[in-house]
Amino acid sequence: MKFTFIPINFESFELNNQTYIQVYGRNEKGKRLCILKQFNDWCYIIKDIEKAKKKLDTIKIQEESKNFLGKPVKALKVYTSSSKQTKEIAEKFEVYENDINIITKFLIENKLTPLTLWEIEGELASNNECSNLEVDFVIKAEKITQSQSDIQFHPKFLAYDIETNEFEIGKGEILMISLVGNNFKKVLTWKKQSKKSFVEYFKDEAEMLEAFVKYIKEYSPDFLVGYFSDGFDLPYLRARAEHNKVKLSLGLDNSAPIFSRGRVLSGKIKGITHVDLFRFIQVAYSQYLQSETLSLNEVANELIGEKKNDISHIDMNKTEHTQKHWEDFFEYNLQDSVLTYKLFEKVWPDILEFSRVLQEPPYDVSRDSMSQNVENYILHNLHKFNEIAKHKASHEEISNRIEREKYEGAFVFQPKPGLYNDIAMFDFSSMYASVIVSYNLSLSTLSKEKTNIISEINNKKVYFSKKPGFFPELLKQIIEKRREFKKEYNKNPNPILKARSNAFKLIANAAYGYQGFFGARYYCLEAAASTAYFARENIKSAIKKFEQSNFQPIYSDTDSIAVSLDNKSKKQALDLLKQINEHLPGIMELELEDFYKRGIWVTKRTGEFGAKKKYALITEDNKLKIRGFETVRRDWCNLAREVQSKILKLILTDGNEKKALEYIKETIKKIKERKIELSELVIRTQLKKSIDEYKANTPHIAIARKMIAKNIPINLGMLIQYYIAESDNKKALVRDRAKMIDESGKYDINYYLNNQILPAVENIFEVFNVDINQLIEGKKQMKLGEF
DNA sequence: GACTTGGAGGTACC
DNA sequence: ACTGGTACCTCCAAGTC
C-alpha cells in the first residue's frame, strides 16, 4: 500500500538488536500517522581496511572510494543492525560517522527532509502490534521517499503555561495551568471556583494534572509550545506529577516526558514536538530584536504587539486572595498562553524553514545553537562531495583549542570626533562568508605547500589551495540560495519565502564563527584568522580608494565604511562604488547601505581620541540610527538614556546644539528639584553567574545579596534592579548606596548628575566646545565648601 | 588622604 | 561548551606619593 504524509516528530529505539526509526506526522486529511522503519546504522573505516575486512563480523561491508577532507581515500562502509553494534566496532577500530545522531543518519541515508511530503510504501500494522500508540494508523514501511510535490502544511499546536506559588522546581505547587489552541481556551485550577467560562475547577492538584493530560490528548497537538518551558513549566509539571503520584502520560505511547541534559534541560514528549519558544527565539531572533530581555512580555510586545496582563496589584506573598484577585490571576495565566500561541504562529515559518533547510527535525532545530545548525547543514550535504564526516572533537582537543591564543580580528577605523554633514555609508554584503568563499578558506583547503592564496597570522604565512573545498563551496551555494530566495521574496512577498531567505542568511553569517569555534568538527583556526585577515585587507584597500577619490573616510568597522560626500554628488559616490566592485575578488561585494543627512562621533571619556563603536546618524527623512551610545545600553538608567537620545535627536535634526542645551538645563533642574520619577532612575544589571562566583563586589551583586537575605528569589540571568540613594556617610561606596527599587530612600542627586547624566552627554556637547560641567554644580564645588 | 592604575564585570558593535 | 574578535565604560581595590 502507498501512503503520503508530513513527518514531524522522530524517535529511534532498539529491539532485538535492531534499530528502528519511528516517524510521527500527519497526512493531507489530518490523520495522525506513525511510520515504523527498520534502519541499519553504519560507520566508515579508512585505516588498514584490508585487516579490518577480515576481522569484521557484521551485516554488510562495502568498499567505497570516498574523500576525507578533500583527499581521496579507500574506505569501508560498515553497515550494522544497531547503534549498539556500531559502538562495539568503534571500540575495536578507528571509525568515522559513528558520532552522528541516528535520526540525522536516517534522514541523510534516505535523502529525506522533515516537514515536507513523504511517500511511503508499506503495510498497516495490526492492532496488537500498535495498541499502545495513540495515532490513527501505524504503518510498517518498506520504502520511504521524498515526494516531488509540495503541500501547504498547517500543524495543530497548543500553547501552555503554569502558575506556581514557589519559583524553585519541586518546592511549591502548581496553582493553575492554561492551555490555548485553535478555538480552545482553558485554565485549569484547584484553588478557586470561577464564573469565567474558560476556568475549570478541580478538587486538588492531582485531578488538575490528570485533566491537563486529558485535554492535551483530546486536542491532539503536533506541537506543544511553552515559553521557557524546558527550564520551568515541563520540569515543574513532572515534579508535581511525581509528588501527586499522577502519571504525566503525555506521549503518544503514554510515556512521560523525558529530559535530556545538555547545557540546559530539554523536555521531549514521544510523538509530540515540545517546543520551548524561548530557546528558538534566543538563537534565531535575539540578534535582530530590540527587546532588552527575552521575556515573554517584551518579545511578544515586539513581535506581535501584545503584552502580558498586569497583575502587579496582587501581592503574591499574601496567602489569602480575594475572588477578584483570583479572577485576574486566571486571566493572566490564560493571556500567557495566548501570547505563546500567537508567538508560535508568528515564528512558525522560521521553524518550518529552518527544519527544511537544515534537514533536521523541528524539535532539534528549535533548540540547536547556531554552530550546531551550521554543522548539521554540512553533515546533510557532505554526500554531494562524497565526503566522510570528520570526528567530533575530543575533550582533550577542545581544551587545547580553548587555551589557544586569540587571533587578530576586525579592523576598526579611529574616527575623528565631530559633527559631519552628508554621509554615505557602504557595507560588504555577508563579508566574512564572502571572504571564505572568495579565498577558499577552510580546514580541507589549508595547504602545506606554498600557493598564491597567502594570509598572515602572527607574522607567519599561511597558505590555502586553489582547488575549491567543500566548505567554501557549500557556503557559496548558501549565499547563492539566499540571494535567489530574497529576490523571489521581493517579487512575491510571503512569510515562507522570507523565512527561507532568512535561514540561509543566518547560516551564512555563522559560518565564520563556526570555523573558529572550539567545538566544531571542521574547526580551523587558520581559516578563521585568515578570514579576518583578508577582510581587513579588503576594507582597508576600499577605504584607500575612497580617500584617493577625495571622499574623506569618517568611520569603518569590520565591513562598513562611512565617508563624507562634501560637495560631491551621490552619483559620484555610486560610480566609485561600481569601480571598487569591479576589482573585488571572487564574490565579494560592497553595497550602499544608505545616505545620511548628518552624523556625530564623540571622544572617549578618557583621552582626546574619537571613540570607536559609538556614533549617531540621521537619515534624510529624519530617522535616527544610534550605535553604542548609552541610549542603547540597558545598564544605564532610563533618564540618562532618554536625555541622551533626545539630545542626539535635537543636534542631528538642527545641526547645532542650541535646543539641546536648553533641554539639558531643564533636565538638570528637574533632577535637582527631585521631580524625576524613581522608575526613570532604576539601573538594571544582569546576574551573569551564580553569586558566589563573583570576585568583585559591585552594586548589582550587593543588591542580589540583599535580595537573598530577604528571601526574594534570585536566578541566573535575571536583571538586578536598583537605584542609588543618598547616604549620610559621605565616603560610602556606590554599592553601599544602592537600594532595591521598593526600598525607601531619596535618590542621590549628585550621583545621577555626575555618574549618569553628565557622562551620557558630556562628550556630545564637547563637539561644540560646550563644557557641560559648568552647568552642574558638581561634587567638586560642594566639597570645596566642606573644608 | 588624594590620586592613579588595573582588573572584574557588563554590554554593545559587527 | 554550544559562533568569533574589538571596544567602551563603571566600580572597586590596591598601589603610589
Side-chain angles (χ1 to χ4, degrees), chain A residues 262-264 279 282-283 287 292 367-375 392-393 395 398-399 401-402 405-415 427-428 430-433 436 506-525 527-529 531-533 535-536 539 555-560 593 602-607 609-615 625-636 640 683-689 693-702 719-720 724 731 733-738 751 754-756 759-760 762-763 783:
Chain A
R263 192 169 58 90
V264 280
R279 294 185 65 177
Q282 194 174 36
V283 169
Q287 193 181 349
E292 280 166 18
R367 286 174 177 77
D368 284 342
S369 66
M370 224 46 221
S371 65
Q372 189 66 57
N373 286 335
V374 173
E375 193 148 292
K392 271 190 198 163
H395 289 296
I398 287 181
S399 44
R401 290 174 183 182
I402 290 173
E405 254 179 75
K406 278 194 177 187
Y407 59 85
E408 188 181 343
F411 168 72
V412 188
F413 187 92
Q414 174 83 62
D427 58 21
F428 282 92
S430 300
M431 190 188 213
Y432 280 13
I436 293 171
L506 291 183
I507 301 164
N509 286 344
Y512 156 71
Y514 172 81
Q515 295 204 100
F517 166 53
F518 53 79
R521 281 175 199 258
Y522 294 102
Y523 172 81
C524 184
L525 178 71
T531 307
Y533 170 84
R536 286 195 303 272
I539 196 123
Y555 185 62
S556 164
D557 184 348
T558 312
D559 61 353
S560 68
E593 194 261 341
V602 301
T603 56
K604 292 209 286 180
R605 271 187 67 67
T606 51
F609 293 109
K612 297 172 176 180
K613 299 191 186 284
K614 269 182 106 166
Y615 59 90
K625 178 173 171 174
I626 300 179
R627 292 291 119 99
F629 273 111
E630 284 74 4
T631 298
V632 297
R633 295 185 59 93
R634 71 168 180 200
D635 55 348
W636 283 71
I683 297 166
R684 296 174 191 84
T685 316
Q686 195 183 22
L687 206 57
K688 307 265 288 184
K689 47 191 181 186
E693 281 178 72
Y694 280 94
K695 287 180 198 160
N697 197 358
T698 57
H700 82 293
I701 302 305
L719 287 185
I720 303 293
I724 306 303
K731 275 185 278 180
L733 295 168
V734 177
R735 68 158 178 258
D736 298 326
R737 287 178 283 156
Y751 177 83
N754 291 306
N755 297 44
Q756 291 279 329
E762 186 178 25
N763 300 337
K783 273 181 189 156

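Owing to the predicted nature of the structure, the values given are computational and were not obtained by experimental measurement. To find a chain, count down the sequence lines: A is the first, B the second, and so on, and within it residues start at 1.
- At the heavy-atom level, A:A510 lies nowhere under 4.0 Å from the strands shown.
- A:G513 comes within 4.0 angstrom of a base, heavy atoms only.
- Checked by atom type and distance alone, the side chain of A:S399 pairs as donor or acceptor with a backbone atom of A:H395 at under 3.5 Å.
- Using a 4.0 Å heavy-atom cutoff across all strands shown, A:K613 reaches at least one base atom of the nucleic acid.
- Across all strands shown, A:K392 has no heavy atoms under 4.0 Å from either base or sugar-phosphate atoms.
- Contacts of A:I402 with the nucleic acid, taken as non-hydrogen atoms under 4.0 Å apart, are absent.
- Between A:H700 and B:dG9 there is no side-chain polar atom (N or O) within less than 4.0 angstrom of OP1 or OP2.
- Judged by the 6.0 Å distance and 45° axis criteria, A:K612 is not positioned over the aromatic ring of A:F413.
- For A:Y533, no side-chain nitrogen or oxygen approaches OP1 or OP2 of C:dG4 to under 4.0 Å.
- No contact: A:Y555 has no heavy atom under 4.0 Å from any strand.
- Considering only side-chain atoms of A:A696, the nucleotide from C:dC12, B:dG10, B:dA8 that sits closest is B:dA8.
- Counting any heavy atom pair closer than 4.0 Å across all strands shown, A:R633 reaches a base atom.
- Using a 4.0 Å heavy-atom distance criterion, A:Q686 is classed as a sugar-phosphate-only contact.
- Considering only side-chain N and O atoms, A:Y615 lies nowhere under 4.0 angstrom from the phosphate OP1 or OP2 of C:dA7.
- The shortest distance between the side-chain N/O atoms of A:K688 and the OP1/OP2 oxygens of B:dG10 is not below 4.0 Å.
- Nucleic acid contact class of A:F629 (heavy atoms, under 4.0 Å, all strands): none.
- Residue A:R627 places none of its side-chain N or O atoms closer than 4.0 Å to OP1 or OP2 of C:dC8.
- Of the candidate nucleotides C:dG5, C:dT3, C:dC12, C:dG5 has the atom lying nearest to any side-chain atom of A:K406.
- With distances taken from any side-chain atom of A:M370 to the nucleotides C:dC8, B:dT11, C:dT3, the minimum falls on C:dT3.
- Here A:K695 reaches the OP1 or OP2 of B:dA8: one of its side-chain N or O atoms lies under 4.0 Å away.
- For the pair A:S369 and C:dT3, the criterion of a side-chain N or O lying under 4.0 Å from OP1 or OP2 is met.
- Closest to the A:P759 side chain, of the nucleotides C:dC12, C:dT10, C:dA7, is C:dT10.
- Listed nucleotides: C:dC2, C:dC12, C:dT6. Nearest to the side chain of A:F518: C:dC2.
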task = Decide side-chain contact (heavy atoms from CB on, under 4.5 Å) for A:F411 and A:D557; before the verdict, give the C-alpha distance in whole Å, the side-chain angles of both, and the deciding distance to 0.1 Å.
result = CA-CA 6 Å; A:F411 168 72; A:D557 184 348; over 6 Å; no
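- Residue-level contact check: A:Y432 touches neither bases nor backbone, having no heavy atom under 4.0 Å from any strand.
- You'll find that the side chain of A:N697 is closest to C:dA13, out of C:dA13, C:dT3, B:dG10.
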message = Apply side-chain contact (heavy atoms from CB on, under 4.5 Å) to residues A:L719 and A:R634 and explain how you reach the verdict.
response = CA-CA 10 Å; A:L719 287 185; A:R634 71 168 180 200; 3.7 Å; yes
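- Distance from the side chain of A:Y512 is smallest for C:dG4 among the nucleotides B:dC14, C:dA7, C:dG4.
- You'll find that the side chain of A:T685 is closest to B:dG10, out of B:dG10, C:dC9, B:dC14.
- Among all heavy-atom pairs drawn from A:Y694 and A:H700, the shortest one is OH-NE2, 3.8 Å.
- Of the N and O atoms on the side chains of A:Y522 and A:Q515, not one donor lies less than 3.5 Å from an acceptor on the other residue.
- When heavy atoms are screened at a 4.0 angstrom cut-off, A:Q515 is found touching no nucleic acid atom at all.
- Between the P atoms of C:dC2 and B:dG10, the separation comes to 15 Å (whole Å).
- In this structure, A:R605 and A:N763 have side chains that are in contact, with non-hydrogen atoms separated by less than 4.5 Å.
- One cannot find a donor-acceptor pair under 3.5 Å joining the base of B:dT11 and the side-chain atoms of A:R634.
- Each of B:dA12, C:dC8, C:dG5 was ranked by its minimum atom distance to the side chain of A:V632; first place goes to B:dA12.
- Using a 4.0 Å heavy-atom criterion, one finds that A:G628 contacts the sugar-phosphate atoms exclusively.
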